[in-house]
Amino acid sequence: MIKAITGTKDILPEDINKWNKVEAIVRNVMNNFNYKEIRTPVFEETALFSRGIGEATDIVSKEMYTFVDRSETSVTLKPEMTASVVRAFIEHSLGKKYGLNKLFYISPMFRQERPQAGRFRQFHQFGAEALGSDNPMLDAEMIITSYKVMTELGLKNLAVKINSLGIPSSRENYKKVLKEYLSDKFDQLSEDSQKRFETNILRIFDSKVEGDQKIMNEAPVLLDYLDEESKEKFEQVTSLLDGIKIPYEVDPKLVRGLDYYTHTTFEILSGSVGSQSALCGGGRYNLLVEQLGGAQTPGVGFAAGIERILLACENENSLTLPEESIDIYVVRLDKELTQKANEIAVTFRNANLSTELDYTQRSVKAQMREANRLNAKYTLIIGGEEYERGEVVLKEMKLGEQKIFKLNSLPDIISAIKSV
RNA sequence: GUGGGUGUAGCUCAGCCUGGUUAGAGCGUCUGGUUGUGGCCCAGAAGGUCGUGGGUUCAAGUCCCAUCACUCACCCCA
């Protein structure tokens, strides 16, 4: 039996309403904040991601779905969306058309990692990017909008963490300080963290090993080494959040894996999912556009994982979905009436009523059972003596009441159903 | 890439430890409970190469090995 590729999932009809609800809320929130939807191809030239995300990151060095196509071009299924959005921004000169571009997306992403709770090889993100302004209002807006989506989905067990990575020069200075602090404690670090000491020292803060955490709790903190302007910007972001009463926690240990971040970084974590608890992550990237060959353009954005959000919703039982139902089920008493039943059903459907009927010549009892199973509000029963008199029976399922209508008065039936 | 757990009907699982005649339950599905009517109830039916391959044994769903898949955690991230 051929099965779905490891780490990919079918979204079945029984699940689709949850997805549609999340997407509807995302579109609504982003629309209220005047973000415009953008869609980019699922695959790009590999160089876009290796340059944009950073050659040394895990995503680029070991997680990308990369293949050479028939024209010998190395292409990659997008592992995240920011690089693609920035590429489109540059390619279509959006920066010249509008001073500020506020964009959002909902899209599948691909990373070849080992799947676990809340982590898949094809997963879905929604996110936003604001290109063309360095104003901290937009940094705050990233948190406000993503947090808003989650609270509208009824999520409670959330934590917003925020930090600033400043500008590259202060970060480099700080790395030296950190390196010095850790150099005499190197032997006490875990094996993984010893590797990180060389590859990306900041990420030792992420370590879940208790010994590492002890050491890092005492470590000097990047926030103390920021330049004045970065500090000021950071304060503006937090005071904007204070103004809107979004609860957050400054976490000097929050470092993020992608190379392109400058200044603000943030995450929204859920306590209701497994160990992959980051529902959303983002930050400012003032150097990325230039790095990808565009004009110097500040940017800020976020990405949120829809599967993780849905997992949190399920664990918190926060999603209320409307009960599924159809308007009317057309029952026929004998199979000679198949054509008539079909005509009536089409008439209802053309009148914008959701209508179903039997396709397997089943008994009346079976048809009624089916109508009940589909949660039909009404059944229309055709056949027998009434039909010979030119009449049909309309049954309201919840009450069990039946009324007789003339067969040629379907419009009356339609308006009767619609008026309820 | 590393480690743990689990693979028996469409779904959730029992049976495995202490091998032994036709492999079970609940839910779901289908049919029926009198001529043309759902939900509740009752009856019946369909549906399983016991993940796959090998081994031990007179005998394997049950024991052993391998393999694959799923799953959780590390790593990393959404």
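Numbers restart at 1 for each chain; the letters A, B, ... are given by sequence-line order, proteins then strands.
Checking B:G39, B:C72, B:U37 against every side-chain atom of A:K395, the shortest atom distance belongs to B:U37. Of the listed nucleotides (B:G38, B:A78, B:C76), B:C76 has the atom at the smallest distance from the side chain of A:E63. Side chain of A:R369, nearest nucleotide from B:A78, B:G32, B:U37: B:G32. Of the candidates B:G1, B:U37, B:C30, B:G1 carries the atom nearest the A:R119 side chain, counting heavy atoms from C-beta on. Candidate nucleotides B:C76, B:U31, B:G33 were compared by shortest atom distance to the side chain of A:R196, and B:C76 ranks first. Considering only side-chain atoms of A:N372, the nucleotide from B:C77, B:G39, B:G36 that sits closest is B:G39.
In terms of heavy atoms, A:Q125 sits closest to A:A303 at OE1-CB, 3.6 Å.
With the nearest nucleotide of RNA chain B identified for both A:L279 and A:K62, A:K62 has the one nearer the 5' end. Looking at which nucleotide of RNA chain B each of A:G383 and A:R203 is closest to, the 5′-most match is held by A:G383.
Within 6.0 Å of atom OH in A:Y248, more than 12 heavy atoms from other residues, nucleotides or ligands are found, so the atom counts as buried in its surroundings.
A:Q112 comes within contact range of no nucleotide atom at all, as no heavy-atom separation falls under 4.0 Å. Residue A:K3 is in sugar-phosphate contact alone, with no base atom involved, counting any heavy-atom pair closer than 4.0 Å across all strands shown.
Between the base of B:C77 and the side chain of A:Q125 there is no donor-acceptor pair shorter than 3.5 Å.
One finds no side-chain N or O of A:T379 lying less than 4.0 angstrom from the OP1 or OP2 phosphate oxygen of B:U37.
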